[in-house]
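Working notes, structure below.
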Amino acid sequence: MKQFKGLPISSGKVVAKICVYSQVTHQGIVERTLDSDKEVEAEIKRFESAVTTCSEGMDSIAANVRKEIGESEAEIYVAQKHIMNDPVIIDEIKKRITANRKNAELIIDEVYSEYEEKFANLDNQYMSERSNDISDIRTRLLNYLLKTQPGFNCEGQGNCQRGKERIIVAEELTTEMMVHMNLSRVYGIVTEHGGLNSHAAIIARAAGIPAVTGADGIFKEVRCGSEILVDGDNGIVIVKPDQETQERILASEKVDVSQGYALSTPQGMEVLANASMLEDVQQAVNMNADGIGLFRTELCFIREQHLLNEQEQYSFYQKIIKIMGEKPVTFRMLDVGGDKQLAFLKSSKRTNPHLQMRGSRFLLANREIFVTQLRSLLRLSKRYKMRVLIPMIIDSLQVDKLISVVKEVMATVEAKSENLRLGVMFEVPSAFFEAEEIIKKVDFASIGSNDLIQYLFAVERENEIEAQDFNPEHPVLWKTMKMLSDVANKLDKPLSICGEMAGKKEMVSRFLDIGLTSLSVSPRLIPRVKLEMENYIKMGMFK
């Protein structure tokens, strides 16, 4: 038994046999010299044929992903096709084939490698991770021209499962890799490298596949058919786990999610759902969530790759409300910066993107964006009950400024103030020192545990090395959260906890112990949380 620690990129726990997936690196491409203009012309046509064929293949992949997973995830491949057909890149490759009189493979590798390096070196994390798209496109073209294919190590053997009902282990999670398997039959994914916000990671989360990245050295330690355990909640991977370990880690997964709708929330408690897309909202309904505790509005901007106008936002948010019916929906205002970059917004380069203009600071500095989103949400309050959550507040003076803008916008749109509830997120340590002053000014509050841990302990959770110190068990964290819970209870203001730790089995009773009775978690974790709440009551611990 051997354990690896990586970064969790898609929640869930599973144990199954391994399928090892090998990428083709295309190192040492053979150089060919084109001796005549006729050979140059033929090589350019060969390149054009590769682009055409690969583009058609990506259309087919996009159609399949659209059907099996969703529209947003399919757009990943549509976007890659557009990059592949970018006239600037195509023209550059043709010019170099002509000028250098070298074969297409060599020039494609050269040009795309240059673009990949440029993107990878950008300070903007979202843009730097787009270098993975460039790499995928280069690989796809070279696979076609060189007649090579990535694939499973056991291919050619009679028992090759091609990832079906297996956990896939690979060096890196790429979109090229994702299309070579039936995602609906894959149990889990483990990789040595790959970003939290790469397109492939987004697809894994959308497909509900437990996944861990940054498991350094694991590729050399595994074989097809061996057993492996993946804990996508905590970023733990165990090769050849013994029975005791399996039972201990997987115990929390034994709730029958298909029966989630039948589980009710104990009186005095609340289990809400975190959501980023319409599919999440529908799953929350299926799991009988008490409402949406956190809808991350920035994800729709990231997927659409442009700033949505007021009517576009209004229509999108209305769809979410209609799916939930009478149950409450909490819309978090645009929260960008750090690991959630909007590539289409101009921003100054920062050494540390997590300390740039984020959350409320961003909203106040970008008034037009703030007001447009507020208008779309406040207009909805004319017909629906609304909860609007403002992220990453730092002190009471900033909250005053934010409330002032909300009141100004309220006066310019048809809205019902009695339908609006305004809340703030506690994620920055400074806000906790003014908790009472802040909570008195708003209707409700929420703790963002992911960023709170990051800023409380100065640890970057996206860093594969530093993330080992991302510790939700630390006593200081629990003292901080209890302090806020005590203030909220004293003022009789609702307080919820969102973030990954809210859904962890061993944490639910601890939140109840400190008086936090409203938890917002991934939809599929709702049955688990409700069951632990019921057990907590049965033990006579709830007062």
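Values reported hereafter were calculated over all heavy atoms of this structure, with side chains retained and with hydrogens, waters and symmetry mates removed.
To the nearest 0.5 Å, atom CD1 of residue Ile168 and atom CD1 of residue Ile228 are 11.5 Å apart. Atom OG in Ser55 sits 5.5 Å away from atom CE in Met84 (nearest 0.5 Å).
Under the rule for a salt bridge (charged side-chain N to carboxylate O under 4.0 Å, His left out), the partners of Lys45 that lie at least two apart in sequence or sit in another chain are Glu41. For Glu48, the salt bridge (charged side-chain N to carboxylate O under 4.0 Å, His left out) partners two or more places apart in sequence, or in a different chain, are Lys94.
At a cut-off of 3.5 Å, with distance as the only test, a side-chain donor of Tyr317 or Gln313 sits close to an acceptor on the other residue. Between the side chains of Gln454 and Asp451, at least one donor N or O sits under 3.5 Å from an acceptor N or O. Checked by atom type, the side-chain pair Asn274/Ser522 shows no donor-acceptor distance below 3.5 Å.
Gln3 contributes no side-chain N or O that, together with a main-chain N or O of Val237, makes up a donor-acceptor pair within less than 3.5 Å.
Residues Glu227 and Ile18 fail the side-chain proximity criterion, which asks for heavy atoms closer than 4.5 Å. Side-chain atoms of Glu92 and Tyr112, non-hydrogen and from C-beta on, never get closer than 4.5 Å to each other.
The one candidate from Arg96, Lys102, Arg138 that meets the side chain to side chain donor-acceptor pair (under 3.5 Å) condition with Glu110 is Arg96.
Cation-pi check for Lys118 over Tyr115 is met; the charged atom lies under 6.0 angstrom from the ring centroid and within 45 degrees of its normal.
Of all the heavy atoms in Ile526 and Met287, the pair that sits closest is CG2-O, 3.6 Å.
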